[in-house]
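Encoded as structure tokens, the structure appears first; notes follow it.
Letters A, B, ... are given to chains in the order of the sequence lines, protein chains preceding strands, and every chain is numbered from 1.
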Amino acid sequence: MNKALILMSALTAAALPGWAELGGSVETVATDQVRLQAKRAITQMRDYNIHLISRDDGTLIKEYVTPAGKVFGVSWTGPTIPDLTQLLGTYSAEFQTSVRAQPRRRRAGVVRNPDLVVESTGHMRAFYGRAYVNSMLPSGVTAETVK
Amino acid sequence: MRRASLAAAAAALVTVTLAGCGGGSTPATTTPTPVLNTQQIVVDLGPDLNGQKVGADNSLYTNVQICLPGSSTCQTIDHVLVDTGSSGLRLLSTAVGLSLSYITDASSNGIGNCIQFPDTSFQWGPMAKVDVHMAGEIATVPIQIVSPTNFVGPPTACSAGGVAANTVSSLGANGILGVGLFRQDCGAPCASSSPPNVYFTCPSSGCTPTTVALTAQLQNPVWMFGADNNGLSITLPAIGATGATTVVGTIGFGIGTQTNNALGTGVLAQAATAKGMFTTTFGGVAYTNSFIDSGQGAYYFLDSTTTKLPNCPSGDAAGLYCAPSPVSLTAMTSGPNPSSSGTIVSQNIAFSVWNALTLIDSGNPAFNNIGGPNPGAFVWGLPFFYGRTVFIGIEGQTTPAGSGPYWAY
């Protein structure tokens with residue numbers, strides 16, 4: 001399974017619809033890699049896999065994937081904020097709506113809904129953040145895993 | 001031409017005469033007259049919007065004069081946000097009255113600049129080269145003009161589903177004066193062959209990320225000044241626990257370049273990392289991604305569980321801390337000595353957090369004890385600046401305390 005993932009070619013990935021995204025299937029991780037013009041490495045953990053996507057500009061994105069192949073968490077660091085509409089996928093709208101419901105202030109973007117948690121902070125040249133879906137955390141995996 | 005020559009001759013004559021007066025009988029050792037290197041900054045209710053103050057919370061402003069390069073065709077813009085968390089001057093197009101030419105690339109395509117903030121707001125627009133005047137200092141730099149009607153709108157890679165901070169009401173200011181640790185807004189990544197979403201070339205087919213050399217990027221105007229260009233300082237007086245209606249302070253340019261800008265006794269310099277971060281230790285835990293940001297209006301740190309500060313209810317103060325009574329806290333900031341020694345320099349910072357809802361509803365715009373969460377780190381926002389002088393050593397610039405990037409206070 002994992003070997004197959006590693007061997008998945010960029011070309012194949014480019015043909016797949018959609019974005020990898022929080023809540024999406026693992027195939028979309030490869031799509032992210034292509035769209036971000038990035039390199040990818042996979043680390044196997046006991047209860048999940050981490051797909052590490054890196055760009056030459058210093059951007060580092062980790063996508064946390066369940067054994068069933070679903071992305072349950074993402075984290076990022078980099079000189080700019082990665083496109084969260086792509087990274088958060090179908091959860092992007094909930095993030096934007098929840099942020100806009102808060103009084104407008106210059107500060108971190110933090111959303112702690114019952115299921116969706118997003119934390120986005122930093123400044124130009126050094127942004128970082130993470131997002132996860134509580135109901136998708138594999139059993140035995142805590143939210144602190146996504147970092 | 002002839003008139004210019006005459007003027008130059010006249011100026012030379014005046015100079016000679018003055019030197020003669022001051023020199024007396026001793027040989028003239030001419031020290032250039034120091035440039036005026038300070039100007040006023042203020043925390044108040046913000047710029048006017050339809051005849052009323054926009055009503056900002058803890059926003060630090062100053063005036064910026066811009067001129068067509070080399071000319072006396074100028075305009076002064078009030079209530080520009082003083083931001084140590086970014087670099088470069090960004091002005092709302094609606095605040096700019098000068099007729100400016102936008103910078104284009106080698107193919108005569110417009111170049112758009114993008115800045116995104118973690119709260120999902122963003123600013124987009126072309127760049128123009130102007131003379132930026134502050135105090136007696138002048139820098140000729142590209143600045144960003146935010147959302148002019150005669151430039152293409154933001155690509156989705158810039159807007160990213162967020163909200164444009166392109167009006168007085170959405171920004172709470174007429175622009176942002178980025179005077180942080182860095183020379184440019186973006187730096188090396190944007191000059192590389194794989195640039196991030198900051199600079200875009202915009203042919204009619206659409207805007208795509210493009211490589212822009214360091215010298216052509218948005219510049220922190222301070223390091224481009226002709227003098228006093230190694231850093232700056234921000235000084236605000238102390239205020240009381242119930243806030244203040246107006247706070248007036250000083251922004252000063254240069255560190256150790258004139259008699260008025262030495263670091264001073266007891267001021268400690270702490271280097272920041274190449275990414276502008278340093279360590280803040282709180283409750284025995286070191287948080288390495290901490291920074292000082294005059295553009296954020298509160299002490300933003302950690303979360304309610306870690307700090308034991310209750311979150312405010314939904315409403316005006318949502319996303320801030322609401323402690324029933326003032327809570328006194330201490331944290332320790334650390335960073336290497338920016339001089340050659342590199343020894344770690346630490347200092348304890350005492351601060352207070354109270355009820356953000358009570359403070360905001362008081363109608364005051366300035367508070368030294370407003371706080372809120374920030375995931376996994378300390379953001380020392382504007383409250384940190386009250387009762388202090390905070391020095392900013394700009395990256396790569398030499399000062400008596402060492403080279404930037406560093407903070408000193």
Side-chain angles (χ1 to χ4, degrees), chain A residues 35-39 54-60 75-112 117-132 143-144 146-147, chain B residues 57 59 81 83 85-87 114-121 156-157 160-163 165 170 172 178 180 182 185-190 192-198 273-277 289 291 293 295-298 300 303 314-320 360 372-377 379 381:
Chain A
R35 295 288 289 270
L36 290 163
Q37 300 175 288
K39 302 184 190 72
S54 57
R55 266 176 57 93
D56 289 345
D57 67 9
T59 301
L60 214 60
S75 70
W76 62 90
T77 64
T80 58
I81 304 171
D83 190 337
L84 296 184
T85 55
Q86 295 164 353
L87 210 54
L88 301 183
T90 54
Y91 289 92
S92 173
E94 180 180 345
F95 171 59
Q96 294 287 346
T97 304
S98 300
V99 166
R100 284 177 209 185
Q102 300 169 5
R104 186 134 195 191
R105 296 181 193 286
R106 292 177 296 274
R107 60 180 170 187
V110 178
V111 167
R112 291 183 186 284
V117 173
V118 183
E119 302 172 337
S120 177
T121 184
H123 57 71
M124 190 80 181
R125 295 190 180 210
F127 291 101
Y128 61 99
R130 63 176 189 149
Y132 57 88
E144 284 67 43
V146 181
K147 60 188 177 188
Chain B
D57 290 329
S59 296
L81 189 77
D83 182 22
S86 68
S87 288
C114 177
I115 186 168
Q116 298 172 317
F117 301 100
D119 66 356
T120 77
S121 66
T156 55
V163 183
S170 58
F182 299 110
D185 63 335
C186 181
C190 288
S192 78
S193 57
S194 176
N197 295 330
V198 179
T273 65
K275 293 180 177 178
M277 300 297 194
N289 277 330
F291 55 101
D293 188 354
Q296 297 194 36
Y300 286 113
D303 55 56
S314 58
D316 290 351
L320 296 169
I360 290 170
N374 180 76
V379 178

Answer yes if the side chains of B:Asn374 and A:Thr121 hold a donor-acceptor pair under 3.5 Å, and no otherwise.
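Distance-only check passes for B:Asn374 and A:Thr121.
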Pair A:Arg106, B:Ser121: side-chain N/O donor-acceptor within cut-off below 3.5 Å
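Note: A:Arg106 and B:Ser121 side chains miss the donor-acceptor criterion.
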Which atoms of [X] are under 4.5 Å from chain A, going by heavy atoms: the side chain, the backbone, both sets, or neither?
{"X": "B:Ser59", "value": "both"}
{"X": "B:Phe291", "value": "side chain"}
{"X": "B:Val163", "value": "both"}
{"X": "B:Asn289", "value": "both"}
{"X": "B:Ala165", "value": "both"}

Grab the two heavy atoms, one from [X] and one from [Y], that are nearest each other, plus how far apart they are.
{"X": "A:Arg107", "Y": "B:Gln296", "result": "CA-OE1, 3.4 Å"}
{"X": "A:Gly122", "Y": "B:Pro118", "result": "O-CG, 3.6 Å"}
{"X": "A:Pro103", "Y": "B:Ala318", "result": "CD-CB, 3.7 Å"}
{"X": "A:Thr80", "Y": "B:Pro196", "result": "OG1-CB, 3.6 Å"}

Taking the side chain as C-beta and beyond, is there a heavy-atom pair between [X] and [Y] under 4.5 Å?
{"X": "A:Arg104", "Y": "B:Ser170", "result": "yes"}
{"X": "B:Cys186", "Y": "A:Met124", "result": "yes"}
{"X": "B:Thr120", "Y": "A:Phe95", "result": "yes"}

Quick check on the interface: out of B:Ser86, B:Ala157, B:Gly162, who has the most heavy-atom pairs with chain A under 4.5 Å?
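So the answer, after comparing B:Ser86, B:Ala157, B:Gly162, is B:Gly162.
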Top of B:Cys114, B:Gly295, B:Ser192 for chain A proximity - count of heavy-atom pairs under 4.5 angstrom
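Sorted descending by pairs with chain A, the first entry is B:Gly295.
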Say whether, by atom type as modelled, one donor and one acceptor occur between the side chain of A:Arg105 and the main chain of B:Asp57 under 3.5 angstrom.
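Looks like no, no N/O pair under 3.5 Å.
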Taking side-chain contact (heavy atoms from CB on, under 4.5 Å) as the criterion, tell me which of A:Asp57, A:Asp56, A:Thr59 meets it with B:Pro189.
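Exactly one option meets the side-chain contact (heavy atoms from CB on, under 4.5 Å) with B:Pro189, and it is A:Asp57.
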About how many Å separate [atom2] of [Y] and [atom1] of [X], when rounded to the nearest 0.5 Å?
{"X": "B:Asp119", "Y": "A:Arg100", "atom1": "CG", "atom2": "CZ", "value": "11.0 Å"}
{"X": "B:Gln116", "Y": "A:Leu84", "atom1": "CD", "atom2": "CG", "value": "8.0 Å"}
{"X": "B:Met277", "Y": "A:Tyr128", "atom1": "CE", "atom2": "OH", "value": "5.5 Å"}

Return the orientation label for the B:Phe182 and A:His123 ring planes: parallel under 30°, perpendicular over 60°, tilted otherwise.
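Because their plane-to-plane angle lies in the 30° to 60° range, the rings of B:Phe182 and A:His123 count as tilted.
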